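Everything below concerns the one structure shown next.
Every chain is numbered from 1, with letters handed out A, B, ... down the list of sequences. Worth saying up front: this structure is predicted, and the values here are computed from it rather than measured. Values below: every heavy atom of this structure, side chains too, minus hydrogens, waters and symmetry copies.
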Protein chains: 2
Amino acid sequence: MLTEQGILDQLSQAGYRITRPRRAVIAALLEDEGHHSPAEVHERALVRCPTVGLVTVYRTLELLADLGLARRIHTDDGCHGYAGASHGHHHHLLCRHCGAAVEFEGCDLSPLFEKIGRTTGYCVDEHLLELIGLCPACQ
Amino acid sequence: MLTEQGILDQLSQAGYRITRPRRAVIAALLEDEGHHSPAEVHERALVRCPTVGLVTVYRTLELLADLGLARRIHTDDGCHGYAGASHGHHHHLLCRHCGAAVEFEGCDLSPLFEKIGRTTGYCVDEHLLELIGLCPACQ
DNA sequence: TTGTGTGCAAAATCTTTGCACTTCG
DNA sequence: CGAAGTGCAAAGATTTTGCACACAA
């Protein structure tokens, strides 16, 4: 799990400045394990830095994601969500009928990636997995 | 694989009307294996129904997705993409740098699905897997 | 014929950009 | 001090909604 301090260090090492708005965004992002829209992150960040603008939140989230310090999350409800980079590698399980979404973890696809990598020459380091089925209530 | 005719039948059975714009959207969606933004689907649909509006594309895609006849796909580039419902079994390997896409097969995720099914109570019968990495040329 | 479906235009969101001012280093 | 970072306002892009007309069934 990447801590706030760890992220700040990496930002700094990458040549970016540590500012109050950035601290606030990072803290807001790490506040819980969920993923949040830029607007939600902004709302939380305001608590720590009352002057921070939504624009800065967008820019900071993009920066963090590009540096691998945060992750972009995509779900049916609200695309463009972000989560701390190390908040588990979870995927979504969707109910085709009622649309309920559940997160799950523990997918170990490394063997598959290696196999694919050998076959295609690609260096696979990221993936998107979405499962679709029927939830218990809809079966 | 759900065919255009199959989708039309199901729409009809569900009490929805078969119209030219809807046919055009469905055909556009099934035209290839990829997933596309509403705007892309619209552009393709225009070939078959020159009067179809973007709004109708949005509404039709939403309807199809709700009925399970199309799927919403989320990726980093362009959220809100849609694909034919049965295209779930074609997987893509994308190069993050040059965008090259390769298809691959032979993913055997059944053990994972069973495990997830036991844990969550869901009956998993479809999935979307997308791998992202660097192609040999870009490494 | 009837009411679902459609297109248009406009509204509501969401995201990005330009620019002068701040502030970290 | 100098350049990166910020906030504001405005522009762009995307998605939704209201409404009168069109057309499947």
Side-chain angles (χ1 to χ4, degrees), chain A residues 5 7-28 35-67 69-70 72-82, chain B residues 4-5 7-29 35-67 69-70 72-82:
Chain A
Q5 192 52 55
I7 293 180
L8 292 174
D9 287 348
Q10 292 206 39
L11 259 189
S12 193
Q13 280 170 36
Y16 295 95
R17 295 184 180 172
I18 306 305
T19 63
R20 194 141 113 83
R22 281 184 179 160
R23 283 176 178 278
V25 169
I26 292 166
H35 52 269
H36 307 282
S37 65
E40 284 167 343
V41 174
H42 181 221
E43 198 174 326
R44 292 165 176 236
L46 280 174
V47 175
R48 300 171 196 254
C49 178
T51 62
V52 68
L54 178 56
V55 176
T56 295
V57 173
Y58 270 99
R59 289 192 274 226
T60 303
L61 289 174
E62 190 186 347
L63 175 62
L64 293 175
D66 287 349
L67 292 176
L69 303 175
R72 285 184 248 264
I73 304 289
H74 298 268
T75 62
D76 270 356
D77 60 305
C79 267
H80 295 180
Y82 288 83
Chain B
E4 180 173 346
Q5 192 52 54
I7 293 179
L8 292 174
D9 288 348
Q10 292 207 40
L11 258 189
S12 192
Q13 279 170 36
Y16 294 95
R17 296 185 180 171
I18 306 306
T19 64
R20 194 143 113 84
R22 283 187 177 156
R23 282 176 178 277
V25 169
I26 292 166
L29 197 65
H35 52 268
H36 307 282
S37 66
E40 285 167 342
V41 173
H42 180 219
E43 198 174 327
R44 292 164 176 238
L46 279 173
V47 175
R48 299 171 197 254
C49 178
T51 61
V52 67
L54 180 55
V55 176
T56 296
V57 173
Y58 271 98
R59 290 192 274 226
T60 303
L61 289 175
E62 190 185 347
L63 174 63
L64 293 175
D66 287 349
L67 292 177
L69 303 175
R72 287 183 247 264
I73 303 292
H74 299 267
T75 61
D76 271 355
D77 59 305
C79 267
H80 296 179
Y82 288 82

[X] [atom1] to [N] [atom2]: how many Å, rounded?
X	N	atom1	atom2	answer
B:Tyr58	C:dC8	OH	P	16 Å
A:His42	C:dC14	NE2	C1'	14 Å
A:Leu11	D:dA4	CG	P	15 Å
B:Glu43	D:dA13	CD	C1'	16 Å
B:Glu62	D:dT17	CD	P	9 Å
B:Leu61	D:dT14	CG	P	15 Å

Can you name the residues that form a salt bridge (charged side-chain N to carboxylate O under 4.0 Å, His left out) with [X], not counting sequence neighbours?
X	answer
A:Asp9	none
A:Arg20	none
A:Arg44	A:Glu31, A:Asp32

About how many Å separate [atom2] of [Y] and [atom1] of [X], when rounded to the nearest 0.5 Å?
X	Y	atom1	atom2	value
B:Arg59	B:Leu54	CZ	CG	10.0 Å
B:Leu63	B:Thr56	CG	OG1	11.5 Å
B:Thr19	B:Arg23	OG1	CZ	8.5 Å
B:Leu64	B:Tyr16	CG	OH	10.5 Å

| task | Using a cut-off of 6.0 Å, state whether more than 12 heavy atoms not belonging to B:Glu4 lie near its atom CD. | result |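 Yes, enclosed.
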
| said: Let me test you: for the helix from C:dT1-D:dA25 to C:dG25-D:dC1, what is the angle between the axes at its two ends (five pairs each), rounded to 10 degrees? | reply: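 Helix axis angle between the two ends: 40°.
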
| Looking at residues 45-56 of chain B, who's got a heavy atom less than 4.0 Å off DNA chain D? |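 Correct list: B:Val55.
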
| said: Using a 4.0 Å heavy-atom cut-off to protein, can you give one letter per nucleotide of nucleotides 19-25 of chain C, 5' to 3': B if the base is in contact, S if only the sugar-phosphate is, - if neither? | reply: ----BBS

| field | Side-chain donor/acceptor of B:His42 to backbone N/O of B:Val52, under 3.5 Å | value |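 Such a contact is found between B:His42 side chain and B:Val52 backbone.
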
| Any donor and acceptor pair, going by atom type alone, linking the side chain of A:Gln10 with main-chain N or O of A:Ile7 inside 3.5 Å? | no

